[in-house]
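Shown next, in structure tokens, is the structure this report addresses.
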2 protein chains.
Amino acid sequence: MTTIREVAKMAGVSVATVSRVINGNGKVKQATEEKVREIIKELNYVPSAIAVSLNNKKSKTIGLMLPDITNPFFAELAKGVEEVAKENGYTVILCNTNGDLQSELDHLQVLEQKYVDGIILSSHTLSYSDVEHIATPIVSIDRTLEGNFPSVTSNNFQGAVMAVRHLLEKGCKKIAHISGPQSIRTARLRLQGYLEVVGDLDWYTEALVADGDYEIKSGYEATRTLLQMNRDIDGIFAGNDLMAVGCLKAIHSLGLHVPRDISVIGFDGINFSKITIPELSTISQPIYDMGLLATNTLLKAMEGQCYEQMVYELDVQLIERDSTK
Amino acid sequence: MTTIREVAKMAGVSVATVSRVINGNGKVKQATEEKVREIIKELNYVPSAIAVSLNNKKSKTIGLMLPDITNPFFAELAKGVEEVAKENGYTVILCNTNGDLQSELDHLQVLEQKYVDGIILSSHTLSYSDVEHIATPIVSIDRTLEGNFPSVTSNNFQGAVMAVRHLLEKGCKKIAHISGPQSIRTARLRLQGYLEVVGDLDWYTEALVADGDYEIKSGYEATRTLLQMNRDIDGIFAGNDLMAVGCLKAIHSLGLHVPRDISVIGFDGINFSKITIPELSTISQPIYDMGLLATNTLLKAMEGQCYEQMVYELDVQLIERDSTK
DNA sequence: ATGAAAGCGCTAACAT
DNA sequence: ATGTTAGCGCTTTCAT
């Protein structure tokens with residue numbers, strides 16, 4: 001491994017001079033600079049990021065903590081985060097937590113000791129006391145956190161309202177909801193949005209809400225349960241796209257047709273929602289943009305800038321496709 | 001930030017002693033150790049990974065370079081990698097390259113200067129000369145690399161043969177193939193497997209192979225082209241699951257039925273293959289396991305152990321579902 | 001069993 | 001314009 005010392009020696013200058021040409025600060029004579037650059041190239045010298053970090057207490061690294069990278073929602077988010085990070089010279093440490101509190105705490109601990117310059121966090125189990133001691137800036141995604149943490153979310157409540165209204169407009173007379181885990185804020189908000197619209201209608205009963213867990217399988221099962229209890233359901237608002245996919249399958253397996261017999265709408269707008277048969281109508285969140293925004297916000301926080309805004313709640317959008325008619 | 005010095009001072013010992021109790025080497029009197037631990041806890045002291053790294057030249061970090069984390073194949077891989085890494089006290093830096101050579105080179109450069117202890121690489125553009133100078137161990141996924149790099153792949157050729165034979169057994173009389181980008185080794189092997197089985201049959205013509213690029217859309221388009229030219233195709237082997245999904249959609253859009261009119265089989269066994277309607281028959285690779293194996297192999301390489309094996313080619317498996325009858 | 005001090009590779013303040 | 005040197009936080013000889 002080549003060090004700055006060897007470069008200095010070969011170039012016949014001091015390490016300070018080499019450091020100056022590398023970082024482009026301080027004065028260096030043209031000729032000297034050229035000579036140094038030449039040697040750097042010749043020796044294939046790359047400064048040790050570790051040594052640099054030890055000096056300036058910046059690792060040029062951010063941590064990204066997610067429940068599950070195989071969930072398309074988080075994968076898209078991660079892509080956005082990585083993109084912005086890279087553009088700004090940062091590197092991303094991926095932390096997959098499975099939504100497990102202990103795992104999250106462990107990861108947090110490691111991120112701290114690796115001196116990451118910032119953390120983007122998507123967690124529904126972490127509480128304020130778990131993160132308050134962390135000196136590094138944190139941006140929360142998909143939920144807000146107590147304390148002074150910026151957050152990037154989208155308008156879950158409003159989206160749910162839009163979804164259900166859409167179903168209503170399409171002529172649905174009895175609309176069910178497959179809810180996400182009520183421990184997760186987005187799931188609660190989406191349920192609230194649903195209730196907001198249908199809670200007062202005469203056909204509404206509690207039996208029209210089935211619990212899911214945001215995974216495909218639960219959408220499948222919830223739908224079958226729902227349809228067993230209420231044969232006249234003609235519209236289903238699934239708490240997310242994954243469950244909507246399961247829902248589509250369940251309806252198909254029952255010999256029914258979407259959207260002729262039952263209209264289905266999801267939430268998230270993951271890529272896969274447009275490849276189902278029929279293509280899924282959904283409320284799309286600007287997932288990739290949320291990743292970009294979260295990262296840019298984090299970057300600002302890291303530079304010590306005041307936040308322009310602490311809480312971003314992005315607009316969602318109704319995407320009408322073939323599963324609602 | 002608490003340093004080892006403060007701990008030492010508070011405990012009334014030298015930094016060397018603190019270091020000893022942290023790392024559990026060297027002799028430390030029971031009482032001293034307890035005292036030190038107490039102070040560590042009290043001060044909430046966590047050793048700086050950076051400083052440690054500077055000493056022992058190990059960052060406890062590995063780099064993971066992938067074309068696209070939103071591709072379920074790579075997301076699953078990443079999950080496996082992260083899992084094993086975490087278990088072994090390593091952290092994963094995620095590098096998303098979009099399959100772009102320059103991006104890969106940039107990332108490689110950064111990984112080097114961050115002193116990652118190892119790299120897991122999935123690239124089809126990088127060549128030997130791009131990586132030979134890298135001192136850190138590298139494991140290649142999904143392809144082999146010249147030189148002494150261990151690799152983890154699966155049996156693409158054999159899988160393709162299995163896929164096409166399966167179609168034949170199901171009674172297909174004219175089988176087409178949607179190939180992946182021929183710049184990618186796996187795509188070439190799968191095409192070869194297809195040709196191996198049907199190349200000599202009397203109905204085979206070159207027009208039965210359509211080019212795709214491993215993305216959903218290309219599967220859709222290739223299928224429509226294929227079917228336009230050859231109305232009597234009754235079986236399609238798609239080069240991967242994503243294209244198979246596009247294929248399913250195209251067939252559906254043409255008013256035809258899978259598997260009644262046309263049987264379809266994919267390759268990869270990504271999670272999503274089981275949620276399509278109809279569920280997709282496919283050749284499944286042990287994706288998650290490939291991630292585990294690659295990481296374990298890398299870990300061994302990092303410990304300087306001789307490789308038990310340089311090249312792993314894992315078995316694939318035919319999964320018969322509803323898209324082939 | 002414990003401490004003092006050198007050194008990991010670099011930056012930045014201070015000299016010259 | 002360039003060099004010297006003191007750290008950054010830690011590990012690890014080498015003394016004691």
Side-chain angles (χ1 to χ4, degrees), chain A residues 1-40 43-61 89 109-110 112-117 135-136, chain B residues 1-37 39-40 43-61 89 109-117 135-136:
Chain A
M1 210 207 48
T2 326
T3 71
I4 198 173
R5 251 212 204 60
E6 307 175 40
V7 176
K9 188 184 298 175
M10 286 242 50
V13 299
S14 73
V15 295
T17 300
V18 177
S19 175
R20 286 188 188 103
V21 351
I22 291 170
N23 300 294
N25 51 21
K27 263 93 247 294
V28 181
K29 210 201 303 174
Q30 177 83 22
T32 320
E33 166 154 4
E34 276 163 20
K35 178 65 181 169
V36 170
R37 290 206 182 287
E38 192 178 305
I39 303 290
I40 287 181
L43 261 42
N44 222 291
Y45 167 72
V46 178
S48 154
I50 304 266
V52 175
S53 291
L54 190 56
N55 272 290
N56 54 208
K57 271 88 189 52
K58 305 219 160 306
S59 60
K60 281 287 177 181
T61 302
Q109 153 98 258
V110 174
E112 271 194 274
Q113 85 186 61
K114 292 222 168 165
Y115 282 73
V116 297
D117 301 328
T136 223
Chain B
M1 211 208 46
T2 324
T3 72
I4 198 174
R5 251 212 203 61
E6 308 175 40
V7 176
K9 187 184 300 176
M10 286 241 50
V13 299
S14 75
V15 294
T17 300
V18 177
S19 175
R20 286 187 188 104
V21 351
I22 291 170
N23 299 293
N25 51 19
K27 262 95 249 292
V28 180
K29 209 200 301 174
Q30 176 83 23
T32 320
E33 166 155 6
E34 276 163 19
K35 177 66 180 168
V36 170
R37 291 207 182 284
I39 302 291
I40 287 181
L43 262 41
N44 223 291
Y45 167 72
V46 178
S48 154
I50 303 267
V52 173
S53 291
L54 189 57
N55 272 288
N56 54 207
K57 271 89 188 52
K58 305 219 158 307
S59 60
K60 281 288 179 180
T61 301
Q109 152 98 260
V110 174
L111 291 180
E112 270 194 275
Q113 87 186 60
K114 292 223 167 164
Y115 283 72
V116 296
D117 300 328
T136 223

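If you're wondering where the values come from, they're calculated on a predicted model, not measured in any experiment. In what follows, chains are A, B, ... by sequence order, proteins preceding strands, each numbered from 1.
Not counting sequence neighbours, the partners of B/Lys58 by the side-chain contact (heavy atoms from CB on, under 4.5 Å) test are B/Asn56, B/Asp117. By the salt bridge (Lys or Arg N to Asp or Glu O under 4.0 Å) test, B/Arg37 is found to be paired with B/Glu33, residues two or more places apart in sequence or in another chain being considered. Residues satisfying the side-chain contact (heavy atoms from CB on, under 4.5 Å) test with A/Gln109, not counting sequence neighbours, are A/Gln113, B/Val46. Judged as a side-chain contact (heavy atoms from CB on, under 4.5 Å), and not counting sequence neighbours, the contacts of B/Thr61 are A/Lys114, B/Ser59, B/Thr91, B/Ile93, B/Val116. Under the rule for a side-chain contact (heavy atoms from CB on, under 4.5 Å), the partners of A/Glu38 that lie at least two apart in sequence or sit in another chain are A/Lys35.
One N or O on the side chain of A/Glu6 and one on the backbone of A/Thr3 form a donor-acceptor pair closer than 3.5 Å.
A nucleotide of DNA chain D counts as in contact with chain A when one of its atoms lies under 4.0 Å from a heavy atom; the first and last such, 5' to 3', are D/dA1 to D/dG9. The outermost nucleotides of DNA chain C lying under 4.0 Å from heavy atoms of chain B, listed 5' to 3', are C/dA1 to C/dG9.
When the nearest nucleotides of DNA chain C are assigned to A/Ala16 and B/Ala51 by heavy-atom distance, the more 5′-ward of the two goes with B/Ala51. The nearest heavy atom of DNA chain D to B/Asn55 and to B/Arg20 marks one nucleotide each, and the one closer to the 5' end goes with B/Asn55.
Residue-level contact check: B/Tyr45 touches the backbone only, with heavy atoms under 4.0 Å from sugar-phosphate atoms and none from bases. Within the 4.0 angstrom heavy-atom criterion, only backbone atoms of the sugar-phosphate kind lie near A/Ser48; the bases stay farther away. Contacts of A/Thr32 with the nucleic acid, taken as non-hydrogen atoms under 4.0 Å apart, involve only primed sugar atoms and P, OP1 or OP2.
Counting heavy atoms from C-beta on, the side chains of A/Thr136 and A/Tyr115 never come closer than 4.5 Å.
Between the axis at the start and the axis at the end of the helix from C/dA1-D/dT16 to C/dT16-D/dA1 there is an angle of 50°, using five pairs per end and rounding to 10 degrees.
From B/Leu54, atom CG reaches atom OG of A/Ser48 across 6.0 Å, with rounding to the nearest 0.5 Å.
Proximity of residues 22-30 of chain A to DNA chain D (heavy atom under 4.0 angstrom from any strand atom) is restricted to A/Lys27, A/Val28, A/Lys29. Near-neighbour residues of DNA chain C inside residues 2-12 of chain A, defined by a heavy atom below 4.0 Å, number-ordered: A/Thr3, A/Ile4.
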Counting only pairs under 3.5 Å, give me each side-chain donor-acceptor contact of residues 7-25 of chain A, with atom names and distances, residues two or more places apart or in other chains.
unit_1: A/Ser14; atom_1: OG; unit_2: A/Ala16; atom_2: N; d: 3.3
unit_1: A/Ser14; atom_1: OG; unit_2: A/Thr17; atom_2: N; d: 3.4
unit_1: A/Ser14; atom_1: OG; unit_2: A/Thr17; atom_2: OG1; d: 3.4
unit_1: A/Ser19; atom_1: OG; unit_2: A/Asn23; atom_2: ND2; d: 3.3
unit_1: A/Asn23; atom_1: ND2; unit_2: A/Ser19; atom_2: O; d: 2.8

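When the shell of 6.0 Å around NZ of B/Lys57 is examined, it contains more than 12 heavy atoms from other residues, nucleotides or ligands.
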